[in-house]
Amino acid sequence: NSIGPATGTASPLVSTVGTYASLDYFALGVAAGTLPITWNGGALTSNWGDAANWSNNTVPTSTTDVVIGNSATVNINIPAAVVGTAIISSGVTLNVAANTLTVTGASTTGLSNGGTLNISGGAITVGVNGGGNNRSFTNTGILNVSSTGVLNVFGNFLISAGTFNQTGGSIVVDGNDNNNVATSVATGTHTFSISGGTPNCSAGTITIVDPVVNTYTVATGTNRSIVIGLSASPNYFSGTHTFVLGDGVSTTPGNTDGFVIETYLNGYSPIQNLTVNGGNTRGRWSAASNNNSTSYGSHIKGNLTINSGSEMRQLYTAGQFAVGGNILNNGTLTTIGSTTSSALVVGTNSAFTVSAPQTISGNGIYRNSTTTSTGSFGYLTINNPSGVTLSTPLSVSNTLTLTAGTLNTTSTNLLTLGVLSPPSAGTLSYTAGQIAGPFKRIINAATGTSSFPVGTTTVYRPASVNFTSAPATAGSLTTEFITT
């Protein structure tokens, strides 16, 4: 049988050591109780709870460190299995289908999976609620979360290699222990990170409970709540899979930037759906990538949902914030991008292509500043051949870019370009598409031509108004193409 790997200081008892090719692990002179126990399958079953399956003939306890090797298949067959730390070796399969496994070790270690970990029911919990939030879950093997399975991590979650499949269930990660640095995820470590391997996530949720510790710096890019740092692909996340920022219960304030999400490091790696549920106070709002560069950004292939009492912010002046599904804002959406490259893009963008219709709705606040807002957006790009429908009135203070598709408006859900006070006409950048419904533009007290790319869902009937004499004061003009 294998002897577990040594942890701690070894005291050699002999001066020379031969070759022991038949041993998986070899250690000399280690005090009793310092070695992890290993799975040897002595009971000839796959049951975690059969004592004879373990090298010390004892079912692991909360102080036991275990290594599961020997290409075993292990089932959590007792209601509440516990362990100090656990290593799942390559070739091993661990199944959690109905019961629970709690990794309780009082250290920054936790659960390391290099084999296949199936969580289809019950739960695995890494850490103990109230016992610190600096544990770790790492995966270099195959992680499958499905059905009603739950993975709770009081610390950080890292996929650095292997495969991550989620077709259901939930993953909940909290790396902030009330801003106690000593017992929270260390600075320089992302709360949830996929830096390698291949995710295939089509359903289920991943919830980040708290932002990183309030004294950590997010702007450097080392302390994000969510980082997807993979080579470019729009296919890692799909279907109904959803990231959730905040659990709607915790109010622990994190760093100034709150929950920060980054989906571009090595290439565009968009997530599917995002729900903002963390709050709207300092350190609890959510934020798109804070890297002020066109090489970074936050890309949501599906729906963006902002719950009541919560806020999503885009604060950088470069980089892309893109949504490919519906936007439902019942809280606050703040977009401060100050160039067309940092506009909110609704529809097709550098990260993904959109073919389904989109809707922008909700009874929340849309604003372009955290202090003195002059419109719903500073910059807005519409690029969806299948169309975008406004179900709430919106305004663009600086540049409206129409790249493709129909933008549907009504007299109630009106789109306005420009600012009346102080007067600014705004800029229309037109490539294709039309506004089906009324379109309001601010007109400066000056000569010039204002374009109105109006029409119907199927017909483009643009209008232009040329002011050869300057109006006495700035005002507005609304146009709409009406078929007869």
Only pairs at least two apart or in different chains count here, so list each salt bridge (Lys or Arg N to Asp or Glu O under 4.0 Å) that has a residue in residues 351-374.
-> Glu311-Arg367
Check for a donor-acceptor pair, side chain of Gln314 on one end and backbone N or O of Ala287 on the other, with a separation under 3.5 Å.
-> no
Under a 4.5 Å cut-off applied to non-hydrogen side-chain atoms, are Ile261 and Phe259 in contact?
-> no
Sequence neighbours excluded, the answer for ring pair (Phe, Tyr, Trp, His ring centres under 6.0 Å) partners of His299 is Tyr268
Determine, step by step, whether Leu380 and Tyr366 satisfy the side-chain contact (heavy atoms from CB on, under 4.5 Å) criterion, reporting the C-alpha distance in whole Å, the side-chain angles of both residues, the deciding distance to 0.1 Å, and the verdict.
-> CA-CA 12 Å; Leu380 176 65; Tyr366 292 84; over 6 Å; no
State, with a plain yes or no, whether a side-chain heavy atom of Leu328 is found less than 4.5 Å away from one of Ile360.
-> no
Using the side-chain hydrogen bond (donor to acceptor under 3.5 Å, both in side chains) rule, take Asn214 and Asn255 through it: C-alpha gap first, then chi angles, then the decisive distance, then the call.
-> CA-CA 4 Å; Asn214 57 5; Asn255 74 97; over 6 Å; no
Looking only at heavy atoms, what is the nearest atom pair of Ala446 and Ala470, with distance?
-> CA-CB, 3.6 Å
Beyond-backbone contact of Tyr216 with Val181, side-chain heavy atoms, under 4.5 angstrom = yes
Verify side-chain contact (heavy atoms from CB on, under 4.5 Å) between Ile159 and Leu143, making sure each step is shown before the conclusion.
-> CA-CA 9 Å; Ile159 303 285; Leu143 171 63; 4.3 Å; yes
Would you call the rings of Phe157 and Phe137 parallel, tilted or perpendicular if under 30° counts as parallel and over 60° as perpendicular?
-> parallel
Just by modelled atom types, is the Val354 backbone N or O under 3.5 Å from a matching donor or acceptor in the Thr348 side chain?
-> yes
Would you find a donor on one side and an acceptor on the other, under 3.5 Å apart, between the side chain of Asn326 and the backbone of Thr359?
-> yes
Candidate list Thr140, Asn139, Thr138, test side-chain hydrogen bond (donor to acceptor under 3.5 Å, both in side chains), partner Asn113, passing option | Asn139
So do Leu407 and Leu415 actually touch side chain to side chain, heavy atoms under 4.5 Å?
-> yes
Which distance, rounded to the nearest 0.5 Å, do you find between the OG1 of Thr335 and the CZ of Arg313?
-> 12.0 Å
Main-chain N/O of Thr374 paired with Asn368 side-chain donor or acceptor, under 3.5 Å | yes
Is the backbone N or O of Pro423 less than 3.5 Å from a side-chain atom of Ser421, with the two atoms forming a donor-acceptor pair by type?
-> no
Among Ile142, Asn95, Ile124, Val145, whose side-chain contact (heavy atoms from CB on, under 4.5 Å) with Leu117 holds?
-> Ile124
Side-chain touch Val345/Phe321, heavy atoms, less than 4.5 angstrom | no
Return yes if some donor-acceptor pair links the side-chain N/O of Asp174 with the main-chain N/O of Phe154 below 3.5 Å, else return no.
-> no
Taking only residues two or more places apart in sequence, or in another chain, which ones meet Thr240 in a side chain to side chain contact (heavy atoms under 4.5 Å, CB included)?
-> Ala203
Chi angles and distances behind the side-chain contact (heavy atoms from CB on, under 4.5 Å) call for Leu94, Leu101 = CA-CA 11 Å; Leu94 178 63; Leu101 170 64; 4.2 Å; yes
Return yes if some donor-acceptor pair links the side-chain N/O of Asn330 with the main-chain N/O of Asn363 below 3.5 Å, else return no.
-> yes
Sequence neighbours excluded, which residues qualify as salt bridge (Lys or Arg N to Asp or Glu O under 4.0 Å) partners of Arg441?
-> none
Residue pairs meeting salt bridge (Lys or Arg N to Asp or Glu O under 4.0 Å), one or both in residues 273-288, sequence neighbours left out, come to Asp210-Arg284
For residues Ser202 and His241, determine if any side-chain heavy atom of one lies less than 4.5 Å from a side-chain heavy atom of the other.
-> no
Starting from the C-alpha separation in whole Å, work towards a yes-or-no answer on ring pair (Phe, Tyr, Trp, His ring centres under 6.0 Å) for Tyr430 and Tyr460.
-> CA-CA 12 Å; Tyr430 179 82; Tyr460 178 47; 5.3 Å; yes
State whether the side chain of Thr207 and the backbone N or O of Val209 hold a donor-acceptor pair below 3.5 Å, judged by distance alone.
-> no
Identify, with sequence neighbours excluded, every residue that meets ring pair (Phe, Tyr, Trp, His ring centres under 6.0 Å) alongside Tyr236.
-> none
Would you please test Thr332 and Thr334 for side-chain contact (heavy atoms from CB on, under 4.5 Å) and show each step?
-> CA-CA 6 Å; Thr332 302; Thr334 304; 3.6 Å; yes
CG of Asn413 to CG of Leu390: how many Å apart, nearest 0.5 Å?
-> 7.0 Å
For the residue pair Asn223 and Ala186, what are the closest heavy atoms and their distance?
-> OD1-O, 4.2 Å
Does Gln434 use its side chain to pair, donor to acceptor, with the backbone of Thr456 at less than 3.5 Å?
-> yes
Option from Asp177, Asn176, Asn133 for which side-chain hydrogen bond (donor to acceptor under 3.5 Å, both in side chains) with Thr183 holds | Asp177
Value for CD1 (Ile442) from CG (Leu417), rounded to nearest 0.5 Å, stands at 8.0 Å
From OG (Ser136) to CG (Leu158), nearest 0.5 Å | 8.5 Å
Taking the side chain as every heavy atom from C-beta outward, state whether Ile76 and Thr100 have any atom pair closer than 4.5 Å.
-> no
What is the ring orientation for Phe243 with Phe192, classed by angle as parallel under 30°, tilted 30 to 60°, or perpendicular over 60°?
-> perpendicular
Does some side-chain heavy atom of Thr427 sit less than 4.5 Å from a side-chain heavy atom of Leu400?
-> no
What is the distance from atom OG of Ser238 to atom CG of Asn273, rounded to the nearest 0.5 Å?
-> 9.5 Å
Expected output: side-chain Asp247 to main-chain Ser250 donor-acceptor under 3.5 Å = yes
Does a sphere of radius 6.0 Å around CG in Asn466 hold more than 12 heavy atoms from other residues, nucleotides or ligands, not counting ones at 6.0 Å or beyond?
-> yes
Spatial distance of atom CD1 (Ile206) from atom CG (Leu274) [nearest 0.5 Å] = 11.5 Å
